[in-house]
Each structure stands twice: as C-alpha cells, then as structure tokens.
Chemist: 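What follows is a single structure, and I will ask about it in a moment.
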Amino acid sequence: MIPMMKEYRVTSPYGPRKSPITERQEFHTGIDLVKPAYANIQAFIAGTVVYANMGKAGTGVGGFGNTVIIKDKDNYLHMYAHLTDYCVSVGQFVDRGQVIGRQGNTGKSAGQHLHYEVRKNGPSFGFGNHVHPVKYVDDFYAKECPQPEKNPVDKPVVKVSVEINGKVLPEHGYLNNGVSSLPVRAVSEAVGVTPGWCPDNKAVTVNGKQLTVTNEAGTSYAPAREIASALGLQVEWDGSTKTVKLRG
Ligand SMILES: [Zn+2]
C-alpha cells in the first residue's frame with residue numbers, strides 16, 4: 001500500500017462482504033477508507049477528470065453521491081465517492097496527491113468515508129469492470145519506478161571487446177549503466193601479472209590492490225578503471241567498436 005493510502009483507516013476492503021446498508025451478501029467493488037470528518041481527499045494516481053458530479057442512477061455511478069472520476073494514462077478510471085464536495089472539473093488534469101474534494105457521506109453511505117474504486121474503462125464509466133484497487137495502485141507505481149539491476153554482470157546489457165596494447169583478448173567484458181567490467185584474470189595475465197585471491201574473504205587483488213568484483217560462471221569481473229589503475233594502464237573507450245582499450 002502506498003504511503004498516501006496508509007494515511008487512511010480501512011473500514012471495508014475490496015471483495016465479498018455483508019452490505020452495511022442492506023445487510024445482504026454483496027461484492028464490495030472498492031475499498032472504504034476513513035480519515036477525520038471532512039478531510040481533504042487527494043488523488044492516488046494522476047489523470048484527467050472525466051466525471052465530477054452527484055452520482056445519478058443508471059450512469060454507472062448511481063448511489064455513490066458526489067463522485068470524482070479520474071482517468072489515468074493506462075485508461076483505468078479512479079472513482080472517489082461519497083464526497084462532501086469536490087474542487088475539480090471535467091477535462092482538468094489532476095496530479096497525484098492533488099486535493100480533489102473533501103471526505104463525506106453523500107449517496108448510499110452509512111457514515112463519512114471515501115469509497116475508492118478502480119475500473120477498467122468501458123460503457124457507464126466501466127461499471128462492473130472493477131479491479132483490486134490497492135493492488136492496482138501498488139502495481140502502477142512498481143511499473144513506474146523499476147527497481148535497479150541487482151548485479152550488472154548477471155544481466156549484461158552490452159558485451160564489449162577488450163584490447164590491450166593493440167591486441168584483442170579472446171575474453172570479453174560487459175557494459176552496463178555506463179560502467180564496463182572486465183575479466184580480471186585475462187586482463188592481468190595479458191600484461192604478466194597474476195591476480196591474487198584470498199579465500200578467507202574472497203577478495204581479489206591485483207598488484208596488492210583489492211578490486212570490486214562481480215562473479216559470473218567462475219570468472220571475476222571488475223570495473224575497467226579499477227583494473228587499469230591497479231595495473232598502471234591507461235584506459236580508453238571506443239564507442240564505435242564497443243571496445244575497452246588498455247595501454248601501458
Ligand atoms: Zn465502499
């Protein structure tokens with residue numbers, strides 16, 4: 001659940017429940033969230049206002065009282081219902097976190113709360129196309145903020161060639177996020193240096209300098225600049241041939 005939603009108390013989750021109005025079994029198509037009376041209601045996700053009015057029967061929002069519907073960039077509708085009043089109008093773009101109205105008890109409601117519902121767009125404002133609102137919002141932000149790569153060598157973006165004093169090595173390196181990683185042993189031995197390995201802490205050293213290594217399939221890779229510095233070599237990047245050139 002995103003922090004903005006955690007500011008509320010959940011009084012009725014999405015899913016099957018006993019209706020607080022009719023006391024019959026029903027499917028709760030949204031989530032009921034409660035803040036202090038008349039609290040400001042902010043948009044969980046940005047989008048364009050497609051409805052801001054009292055929910056009229058037969059329109060897909062009947063019984064929901066003063067309702068604001070915001071359409072997000074993925075064509076899903078976000079419904080904020082039972083508001084006391086609202087301060088946005090149809091066609092307006094609303095940012096995430098922007099205040100759209102105040103919590104209320106309008107329409108078929110048994111006390112002040114926000115009924116928040118997410119629907120896939122369709123006729124009658126997507127009536128019946130409801131999805132799990134908390135999961136939708138969580139997934140929406142997870143997609144928008146992808147997690148960084150865990151290990152640049154595990155998921156190579158580009159394979160790069162390694163050239164030492166004009167000679168290309170049979171082994172290759174990787175380029176990821178602007179950092180090239182080279183095979184430590186192959187590069188070191190090409191200039192007559194045997195890398196050291198300490199089994200106690202698994203540290204890899206070249207000429208006594210410890211390198212920041214990542215391992216893949218039994219090969220240790222380290223950033224080109226670290227290896228070059230440990231070996232006293234100049235390093236240069238040739239973008240046209242995707243080659244790391246070492247000299248010295
Ligand atoms: Zn509800």
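Note that this is a predicted model, so its numbers are computed, not measured. Counting starts at 1 for both ligands and their atoms, in listed order. Side chains included, hydrogens not; waters and symmetry mates left out as well; all remaining heavy atoms used.
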Chemist: Could you check whether H28 and E26, counting side-chain N and O atoms only, form a donor-acceptor pair closer than 3.5 Å?
Modeler: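 Absent: no donor and acceptor within the cut-off.
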Chemist: Under the side chain to side chain donor-acceptor pair (under 3.5 Å) test, which residues partner K135, sequence neighbours left out?
Modeler: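 K135 satisfies side chain to side chain donor-acceptor pair (under 3.5 Å) with D139 only.
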Chemist: Sorted by chain and residue number, which protein N/O/S atoms are under 2.8 Å from the Zn ion (ligand 1)?
Modeler: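 Near the Zn ion (ligand 1), the protein supplies H28 NE2, D32 OD1, H115 ND1.
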Chemist: Measuring centre to centre across the rings, with the benzene-like ring taken for any Trp, is Y80 within less than 6.0 Å of Y86?
Modeler: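 No, too far apart.
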Chemist: What do you reckon, are the aromatic ring centroids of H78 and F44 less than 6.0 Å apart?
Modeler: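 No: the rings miss the under 6.0 Å criterion.
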Chemist: Could you tell me whether the side chain of N121 and the main chain of Y76 form a donor-acceptor pair under 3.5 Å?
Modeler: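 Checked: no pair found.
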Chemist: Using a strict threshold of under 4.0 Å (side-chain N to carboxylate O), is an ion pair present between D32 and R17?
Modeler: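 A salt bridge links R17 with D32.
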